[in-house]
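Below, read A as the first sequence line, B as the second, and so on, with proteins coming before strands; counting in each chain starts at 1. Scope of the values below: all heavy atoms of this structure, side chains included, with no hydrogens, waters or symmetry mates.
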4 protein chains.
Amino acid sequence: MTEAAAATGGDGRQEPRARLPPEARMPQILAAAIEEFAERGYAGARMAAVARRAGIAKGLIYHYFPSKAELFQASITACARPVFEDAERRLSGFEGSARQLLADLIALAYARLREEKQERALFRLILTEAERVPELAEFYRREILDRALGIARAVLRAGVASGEFRPAAAALPGLAAVIMAPAVAGSVWQMILGEAAPDLAAMQAAHLDLLLAGLGAAP
Amino acid sequence: MTEAAAATGGDGRQEPRARLPPEARMPQILAAAIEEFAERGYAGARMAAVARRAGIAKGLIYHYFPSKAELFQASITACARPVFEDAERRLSGFEGSARQLLADLIALAYARLREEKQERALFRLILTEAERVPELAEFYRREILDRALGIARAVLRAGVASGEFRPAAAALPGLAAVIMAPAVAGSVWQMILGEAAPDLAAMQAAHLDLLLAGLGAAP
Amino acid sequence: MTEAAAATGGDGRQEPRARLPPEARMPQILAAAIEEFAERGYAGARMAAVARRAGIAKGLIYHYFPSKAELFQASITACARPVFEDAERRLSGFEGSARQLLADLIALAYARLREEKQERALFRLILTEAERVPELAEFYRREILDRALGIARAVLRAGVASGEFRPAAAALPGLAAVIMAPAVAGSVWQMILGEAAPDLAAMQAAHLDLLLAGLGAAP
Amino acid sequence: MTEAAAATGGDGRQEPRARLPPEARMPQILAAAIEEFAERGYAGARMAAVARRAGIAKGLIYHYFPSKAELFQASITACARPVFEDAERRLSGFEGSARQLLADLIALAYARLREEKQERALFRLILTEAERVPELAEFYRREILDRALGIARAVLRAGVASGEFRPAAAALPGLAAVIMAPAVAGSVWQMILGEAAPDLAAMQAAHLDLLLAGLGAAP
DNA sequence: CATGAATGAGTTTTCATTCAT
DNA sequence: TATGAATGAAAACTCATTCAT
């Protein structure tokens with residue numbers, strides 16, 4: 001008759017699900033929360049929906065997180081692992097040409113766009129909630145944008161130093177942002193349009209082509 | 001009668017209660033709604049806040065829009081005026097070089113990013129609510145992305161035809177998306193970071209520089 | 001877009017309808033109100049709907065009636081005209097047999113059930129709102145039930161006096177109510193079931209048959 | 001977070017907050033709802049009043065019923081138990097005379113009128129809301145009127161078969177409705193007039209007397 | 001007299017949070 | 001730990017009533 005009656009199956013005595021230690025339960029809740037927040041935004045997310053996604057009862061969330069706001073913060077923190085460690089490692093140990101490095105990094109960026117579901121969720125949260133949650137904007141600036149710009153600048157400097165790129169590549173202050181922009185735009189389009197977004201593989205190819213041509217030292 | 005006498009109707013202390021014709025009141029409500037939705041997202045927006053912004057009583061909104069959902073739809077529709085007419089007009093009547101046209105269009109794009117507050121609000125709504133409201137994604141695809149890509153492709157073709165750009169510029173399918181990406185990324189950064197976003201003027205300069213160099217026919 | 005915009009047709013300048021004198025406007029509003037109250041009950045009725053039915057603007061109702069409650073009272077009073085004058089006149093001047101009189105009165109009652117739309121509306125209001133509006137119950141008792149019972153008793157007495165009915169007909173205190181009950185039940189069924197109600201003509205025939213047989217003096 | 005911190009959750013001064021299993025809580029809410037709807041009608045009923053009658057918080061109703069409309073439906077369904085099982089059982093197993101059976105059934109009907117509070121409430125709801133809720137009219141036709149008519153017809157047939165009633169009793173199509181009409185009218189009067197209604201005991205006596213006389217075979 | 005925009009108190013409904021079990 | 005019934009504050013929405021035009 002009602003959902004309530006349906007859920008209890010008529011005898012009304014529910015039995016607790018498996019009793020899990022906190023180390024196991026928390027990631028489960030966090031994963032559910034990240035999904036829910038990413039899909040609905042902070043205000044649109046419902047604690048009951050988080051619980052349902054996690055397969056637990058509403059009340060249990062409050063054993064682990066004191067409030068929706070704190071659950072949100074924790075969700076962000078959980079997503080916000082070092083995104084660029086990989087790229088930075090690759091950069092620091094690199095031996096080959098700057099052109100090759102650029103190609104590698106671009107390939108890496110597009111690969112992440114395609115594959116990392118949680119990262120897309122984090123990005124969506126940042127877009128959606130940055131205005132209301134200053135920490136989100138700060139996190140994005142510090143952990144994502146600045147590090148990405150740093151990597152881009154390092155590559156540009158390396159290419160200019162090696163003579164592969166024309167000197168302007170290191171001198172134009174906005175260039176680092178511009179060369180990483182297609183990946184950002186691509187991820188936004190993926191987010192909004194899903195299947196209908198511009199083709200990422202084609203963008204990747206054109207992106208690399210344009211950069212190599214545009215950065216190239218005059219022959 | 002019992003509870004019938006309950007509806008009172010206030011005690012008369014309020015503003016002059018201006019009576020406006022619907023043609024004047026509706027845009028006022030819509031503008032307030034656009035602001036509120038853009039700042040808080042659909043779920044976070046409050047009808048009371050819309051009314052406050054518009055300087056009217058809550059109930060009056062329902063005189064014009066039957067529900068929050070319909071007010072939202074109407075807000076979007078109201079924003080969604082032809083964004084690209086200007087650019088398309090410029091394109092069709094253009095006489096000069098493709099390089100010059102490219103520079104013009106880029107300047108136009110960045111100018112809009114800087115100036116049009118409502119357009120930023122619309123973009124924010126699209127990002128935020130596209131998942132919940134499929135029409136938003138469709139609108140973006142049709143009215144914004146496709147037209148922008150069309151303009152970009154037209155410029156590329158013109159430049160290739162005139163020999164200013166190398167032939168690859170028209171052959172790479174992802175290039176149109178790539179060349180407009182920095183403006184998209186720039187607007188996203190503005191949206192998230194505000195003052196702390198990468199400098200738009202510097203991006204504009206680097207963007208144009210990279211494109212002209214990257215598209216340029218080999219000498 | 002909105003009903004408001006639709007109603008004004010875009011220019012927003014509405015012109016007042018014909019200016020009518022109170023004598024003409026009041027019945028128009030009352031008729032609309034009776035319909036609305038009968039269909040929806042007091043609480044469910046809406047002033048806007050009354051106005052729509054009357055073809056006037058909401059505000060105009062308040063020129064004639066100070067409140068919903070008073071409009072309701074006035075609606076009842078307007079319905080509550082002497083329902084039984086006809087029957088009482090017929091009774092007082094009657095010359096023929098009591099059996100004939102009974103047949104006449106029963107025919108009259110069923111005819112009213114079939115024909116008088118406003119009377120059905122009044123009856124519905126009485127059923128629906130009597131609990132909340134004591135005046136309604138009092139009105140029913142005084143103007144309808146008591147007069148009907150009076151008529152029934154008079155006929156019974158006349159029939160006993162003339163020897164047509166057995167003496168018990170005047171001695172049983174509940175009989176007057178019982179002999180008029182089928183008409184009441186019939187009107188209730190009409191009200192609830194409309195077309196699907198038991199057939200009134202068949203009831204009328206059986207009703208008369210049963211009464212004549214049941215009241216008849218033993219041979 | 002801004003307005004997120006708004007939802008507080010009270011300060012803890014209230015009743016013991018009994019926790020009941022759904023099987024216990026639902027009937028409690030339904031009983032409260034039936035009362036409220038019967039007294040005020042659908043439109044006039046207040047969810048807050050239902051909660052108050054049930055001794056619970058407003059919100060809890062929505063745990064069990066998704067909306068006022070569904071609560072209303074459920075209330076009706078809850079009332080609508082087999083009303084006539086008793087009568088039909090009595091009918092099928094009956095051994096004595098048809099006159100005795102008729103007397104028994106009439107006594108049973110009037111007893112119910114006097115005693116069953118919930119049944120009166122259901123009848124009031126049917127009268128009040130049948131127009132708005134077609135299911136109510138259908139329910140009345142199917143579960144109440146048709147079964148009552150069926151019982152009446154069976155008694156008439158039995159009496160004619162045994163020679164106790166004159167043959168016309170089975171031949172007049174409207175007679176079944178007529179013989180049960182006084183009970184219906186009586187319940188309407190009770191509903192409208194309460195204490196001031198015609199005396200039920202007197203009606204019962206007169207009703208039986210009239211029927212026995214009116215149905216009786218000529219000696 | 002006539003209109004319908006405007007108001008705001010009151011209703012339904014939602015949902016974060018608490019707590020008996 | 002785990003559950004979901006229970007709460008209450010706030011949000012959406014309704015509608016009698018007022019009043020500028």
Side-chain angles (χ1 to χ4, degrees), chain A residues 4 7-8 12-22 25 46-49 51 56-64 66-69, chain B residues 3-12 14-22 25 46-49 51 56-64 66-68, chain C residues 4 7-8 12-22 25 46-49 51 56-64 66-69, chain D residues 3-12 14-22 25 46-48 51 56-64 66-69:
Chain A
T8 55
R13 293 297 124 235
Q14 70 283 353
E15 47 219 296
R17 258 157 277 245
R19 184 186 186 107
L20 259 57
R25 200 56 100 187
R46 272 166 263 158
M47 296 299 268
I56 59 171
K58 258 180 314 169
L60 190 51
I61 298 177
Y62 290 86
H63 272 274
Y64 295 92
S67 70
K68 186 184 182 183
Chain B
E3 84 280 47
T8 50
D11 44 14
Q14 71 257 4
E15 302 295 293
R17 168 143 89 154
R19 182 198 182 89
L20 260 55
R25 193 62 88 190
R46 306 276 168 255
M47 295 299 268
I56 58 173
K58 252 183 321 170
L60 189 53
I61 299 176
Y62 291 89
H63 205 73
Y64 293 92
S67 69
K68 185 182 180 182
Chain C
T8 55
R13 292 297 126 235
Q14 70 283 357
E15 48 217 296
R17 260 159 277 244
R19 184 187 186 108
L20 258 59
R25 198 59 97 186
R46 272 166 263 160
M47 295 299 269
I56 59 171
K58 258 182 311 169
L60 190 52
I61 299 177
Y62 289 87
H63 273 274
Y64 295 91
S67 71
K68 186 184 182 183
Chain D
E3 83 281 48
T8 50
D11 43 16
Q14 72 259 1
E15 301 296 292
R17 169 143 90 153
R19 182 198 182 91
L20 259 57
R25 194 61 92 188
R46 306 276 167 256
M47 295 298 270
I56 59 172
K58 254 181 321 169
L60 189 54
I61 298 177
Y62 291 89
H63 206 73
Y64 293 90
S67 67
K68 185 183 180 182

Inset, instruction - Check whether any side-chain N or O of C/R25 sits under 4.0 Å from OP1 or OP2 of E/dA2, and answer yes or no. - result: yes
Inset, instruction - Tell which nucleotide pairs with F/dC19, taking only Watson-Crick or G-U wobble pairs whose two distances are both under 3.5 angstrom. - result: E/dG4
Inset, instruction - Using heavy atoms to find the nearest nucleotide of DNA chain E for A/P66 and B/G59 separately, return the residue whose nucleotide is more 5′. - result: B/G59
Inset, instruction - Provide, to the nearest angstrom, the distance between the NZ atom belonging to D/K68 and the P atom belonging to E/dT14. - result: 14 Å
Inset, instruction - Compare the minimum distances between each of E/dT7, E/dT18, F/dA16 and the side chain of A/Y62, then state the nucleotide with the smallest one. - result: E/dT18
Inset, instruction - Might you point out which heavy atoms bring B/A48 and B/K58 nearest each other, and give the distance in Å? - result: CA-CG, 3.8 Å
Inset, instruction - Return no unless some side-chain N or O of D/H63 is found under 4.0 Å from OP1 or OP2 of F/dA6. - result: no
Legend entry - Polar pair under 3.5 Å, donor/acceptor by atom type, side chain C/K58, base E/dT3: no
Inset, instruction - Quick one: closest heavy-atom pair of A/A57 and A/A51, and the distance? - result: C-CB, 3.8 Å
Inset, instruction - With rounding to the nearest 0.5 Å, note down the distance linking CZ in A/R46 to NZ in A/K68. - result: 9.0 Å
Legend entry - Watson-Crick or G-U wobble partner of F/dC13, both distances under 3.5 Å: E/dG10
Inset, instruction - Check every strand shown and say whether B/I61 touches a base, only sugar-phosphate, or nothing at a heavy-atom separation below 4.0 Å. - result: nothing
Inset, instruction - Check every atom of F/dT21, E/dG8, F/dA5 against the side chain of B/R19 and return the nucleotide holding the closest atom. - result: F/dT21
Inset, instruction - Measure from the side chain of D/L20, starting at C-beta and using heavy atoms only, and say which of E/dT7, F/dA12, F/dA6 lies closest. - result: F/dA6
Legend entry - Out of F/dC13, F/dA16, F/dT17, whichever nucleotide has its closest atom nearest the side chain of C/R46: F/dA16
Legend entry - Shortest side-chain distance from B/S67, nucleotide among E/dA5, E/dT3, F/dC13: F/dC13
Inset, instruction - Quickly work out the D/L60 CG to F/dA9 P distance and round it to whole Å. - result: 16 Å
Legend entry - Nearest-0.5 Å distance that lies between atom CZ in A/R25 and atom NE2 in A/H63: 11.0 Å
Legend entry - Closest-nucleotide 5' rank along DNA chain F - winner of A/Y64 and B/M47: A/Y64
